[in-house]
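Following: one structure in C-alpha cells, then a few remarks.
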There are 2 protein chains.
Amino acid sequence: MMASNRQVNSNTESVDNYLKAILALSGPEEQSVSSTALARRLGVAPASVTNMLQKLASARPPNVEYEKHRGVRLSPEGKRRALEVLRHHRLIETFLYEILDFPIEEVHDEAERLEHFISERFEERIAAKLGHPKFDPHGHCIPAMNGRMPKQRSKSLANLDGDGDFVVESVSDRDSALLKQLKAHGIAPGSRLRVTKSPQEEFILKATRQPKSLRLALSVASAVRIRSS
Amino acid sequence: MMASNRQVNSNTESVDNYLKAILALSGPEEQSVSSTALARRLGVAPASVTNMLQKLASARPPNVEYEKHRGVRLSPEGKRRALEVLRHHRLIETFLYEILDFPIEEVHDEAERLEHFISERFEERIAAKLGHPKFDPHGHCIPAMNGRMPKQRSKSLANLDGDGDFVVESVSDRDSALLKQLKAHGIAPGSRLRVTKSPQEEFILKATRQPKSLRLALSVASAVRIRSS
DNA sequence: CAATTATCTTAGGCTAGCCTAAATACTTAG
DNA sequence: CTAAGTATTTAGGCTAGCCTAAGATAATTG
Ligand SMILES: [Mn+2]
Ligand SMILES: [Mn+2]
Ligand SMILES: [Mn+2]
Ligand SMILES: [Mn+2]
C-alpha cells in the first residue's frame, strides 16, 4: 500500500473536535500533545488519532505540526479554528443559560453539538443579544472574535496548599452530576468559599450564607478553580 | 454480490432529510413519491435515492413503505419523525426571526442545519419562550408536539383564476432572493394584496399602502399562497 | 402491440472516520 | 547497553452516504 493520505480534509465536526481537544490538552504552555492523551479524551482508538493527525498535518494550510512519535501542536490555522469553535461553544452555553433558562448542568452537552453548526450570523446575533459577554456560566473566558483570550491566573482546588477563604473562579463544564451538586450547595463562579482539608484528603467547601458544606474527593477537586478572596 | 442492505440506519441527518422531503413532496393527499422527484429535491443521484429508500424500508420499524418502481410513502413512524423535524425547523425559524432578529430571508438555511441537532429540551424552551406559536414567519403552520397539523385551505397564486383582492397566507421559505423582494414591497403573511394579471402572464402584486407594485413571473408565483380577503 | 424513451435499480467504487491486530519505535530498568 | 515494556504507527477492514455506468422495467407512441 502507498501513502494515500494526502486528502483535502476540510472543517468537519470531527476535525473541529480534534482541534479543540489539542487546544485543551496542550494547556497554557502550548505543549505538544500525545496520541494516547487525545485518544482518551476523544474516546477513540489511538490508531484513529494517528490517522487523523496525519490528515490534519497534510492539509493546506496545515492544521497541526506533527512529527511521528513526538506528539502534535496546533498550527496558527489550527489554533484559529480551535478558538473559533471554543468561542461558539461558550457563547452558546451562555445563551442557553441566560436566554433559554437551561439548567447549568445541561448547557455543555447541547453546546457540544451546536457549536459545529451555527453560522457566523448566529454567533454574532447571540453575542449582541448577550451584550458581548466575556465569561460563560462556568466562569470560563470566551475568546474574542479575533481569537484573543487572556490567560487565567487562578489555581486548581486540587493543588491547594492549605485551608483558607477563596473566590470560585470557574467550575468544569464536563461533569454534569458535579455541577448539580455544586449548584445545590450554592457554589458557582464568584461564590466566596471557606475551604478546609479533611484528614482523609477530602476538600470541605462551604459557601458564605449556605447551610450545608460539601465534601469533594481529590479526584474531582480539579474541576474547581479558585483565586484568593 | 448479495442483498447486504439490511442495516440499522438510525436517525441521521441524511435520513431526516429524506423523510422531510417525502413529507413535502407527497402533499396533503399523501401520494406516493418517485425516486427522481426525491433525487431532484435532495440534489443527489437517483441511484442514491433507491439505495436509501431500501434502507428506510427495511429499518425496524420501517420508516417508509416502498415497492420497486412504484414510489414511496411515509410509514406512521416515518411520518412521526418527519413532523418532528418539521416542527424543529419551523420553531427555529420563528425563534431566529423573533428573538435573534434574523432577516427573514436568512432563517431557512440556518434552520435547515440546526433542526437535526437540537435536543428536546431546546425545542421545549424556545417553544415556551415564543409562547407556543402556531405559525412560522413565512406563515407556515408549526406541527404540534403530538404531530397534529391542520390542513392549509389556501391556494397558490399560480393557480389564480382572475384578478382580485386577497390576503397573503404564506410565502415559500426556500428562495431567499424572492423573500427579500417581497419584503421590500411590504408583502408578508397577513398582507392585503391587489392582484392583477398582466398580458404577458405575469402577476402584478400591490400591497395596501405600499408605493410600488411587484411583478412576478408565473414560475415563481407558486411561492406565494393566498386566501380571499 | 412492438419499439423507443424515460424511469428506476443494480453493480461496483470512493471518502471520511472509525475499528482491531500486528509491527515498530521509543523508554527505562537491570 | 540490552531487553522488556510502553507508546505509536501501519495494515487491513467496516459502515454510511454518496457517485457513475450499465442493466432492467415501465410508459408512451406510431
Ligand atoms: Mn462546555
Ligand atoms: Mn464564528
Ligand atoms: Mn424553512
Ligand atoms: Mn422534538
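Labels below follow one simple rule: chain letters A, B, ... track the order of the sequence lines, proteins then strands, and each chain is numbered from 1. Being a predicted model, the structure only gives us computed values, none of them experimental.
Remark: A:Ser48 is not in phosphate contact with C:dG17, judged by side-chain N or O atoms under 4.0 Å from OP1 or OP2. OP1 or OP2 of D:dT6 has not a single side-chain nitrogen or oxygen of A:Thr36 nearer than 4.0 Å. Not one side-chain nitrogen or oxygen of A:Tyr66 sits closer than 4.0 Å to the OP1 or OP2 atom of D:dT8. At the phosphate of C:dC18, OP1 or OP2 sits under 4.0 Å from a side-chain N or O atom of A:Tyr18. Contact annotation: A:Ser14 reaches the phosphate of C:dC18 (side-chain N/O to OP1 or OP2, under 4.0 Å).
If you check D:dC18, D:dC19, C:dT9 against the side chain of B:Ala45, the one that comes closest is D:dC19. Checking C:dT10, C:dC18, C:dA16 against every side-chain atom of A:Met52, the shortest atom distance belongs to C:dC18. Among D:dT9, C:dG17, C:dT9, the nucleotide with an atom closest to any side-chain atom of B:Thr50 is C:dT9. The side chain of B:Gln54 lies closest to C:dT10, out of C:dT20, C:dC26, C:dT10. Checking D:dG17, D:dT9, C:dT9 against the side-chain heavy atoms of A:Lys68 singles out D:dT9 as nearest. Each of D:dT10, C:dT9, C:dG17 was ranked by its minimum atom distance to the side chain of B:Ser35; first place goes to C:dT9. For B:Val44, the side-chain atoms get nearest to D:dC19 when compared with the rest of D:dG17, C:dG17, D:dC19. When each of C:dA16, D:dT9, D:dG17 is scored by its nearest atom to the side-chain atoms of B:Thr12, the top-ranked nucleotide is D:dG17.
Atom CG in B:Leu114 sits 7.5 Å away from atom OG in A:Ser119 (nearest 0.5 Å).
Toward the 5′ end of DNA chain C lies the nearest nucleotide of B:Gly71, the other residue of the pair B:Gly71 and A:Pro46 mapping further downstream.
Between the P atom of D:dA26 and the CZ atom of B:Arg70 lies a distance of 7 Å, rounded to the nearest Å. Separating the NE2 atom of B:His116 from the P atom of D:dG17 is a distance of 12 Å, rounded to the nearest angstrom. Distance CG (B:Leu53) to P (C:dT10): 11 Å, rounded to an integer number of Å. Note: CG (B:Asn51) to P (D:dT20) measures 14 Å, nearest angstrom. Atom NE2 in A:His69 sits roughly 9 Å away from atom P in D:dT8 (whole-Å rounding). We find that CD of A:Glu67 is positioned 21 Å from P of C:dT24, with the value rounded to whole Å. Protein atom CG of A:Asn17 is 11 Å distant from nucleotide atom P of C:dG17, rounded to whole Å. Atom CG in B:Leu38 sits roughly 14 Å away from atom P in C:dT7 (whole-Å rounding).
Here the shortest heavy-atom pairing between A:Arg125 and B:Leu100 reads NE-O, 2.9 Å. Considering every non-hydrogen atom in both A:Leu38 and A:Tyr18, the closest pair reads CD2-O, 4.4 Å.
In summary, the side chains of A:His116 and A:Asn17 do present a donor paired with an acceptor at a separation below 3.5 Å, with no hydrogens or angles considered. A donor and an acceptor atom, one from each side chain of B:Ser75 and B:Glu77, are nowhere located under 3.5 Å apart.
The aromatic rings of B:Phe122 and B:Phe95 sit perpendicular to each other, their planes meeting at more than 60°, with 30° as the lower class boundary.
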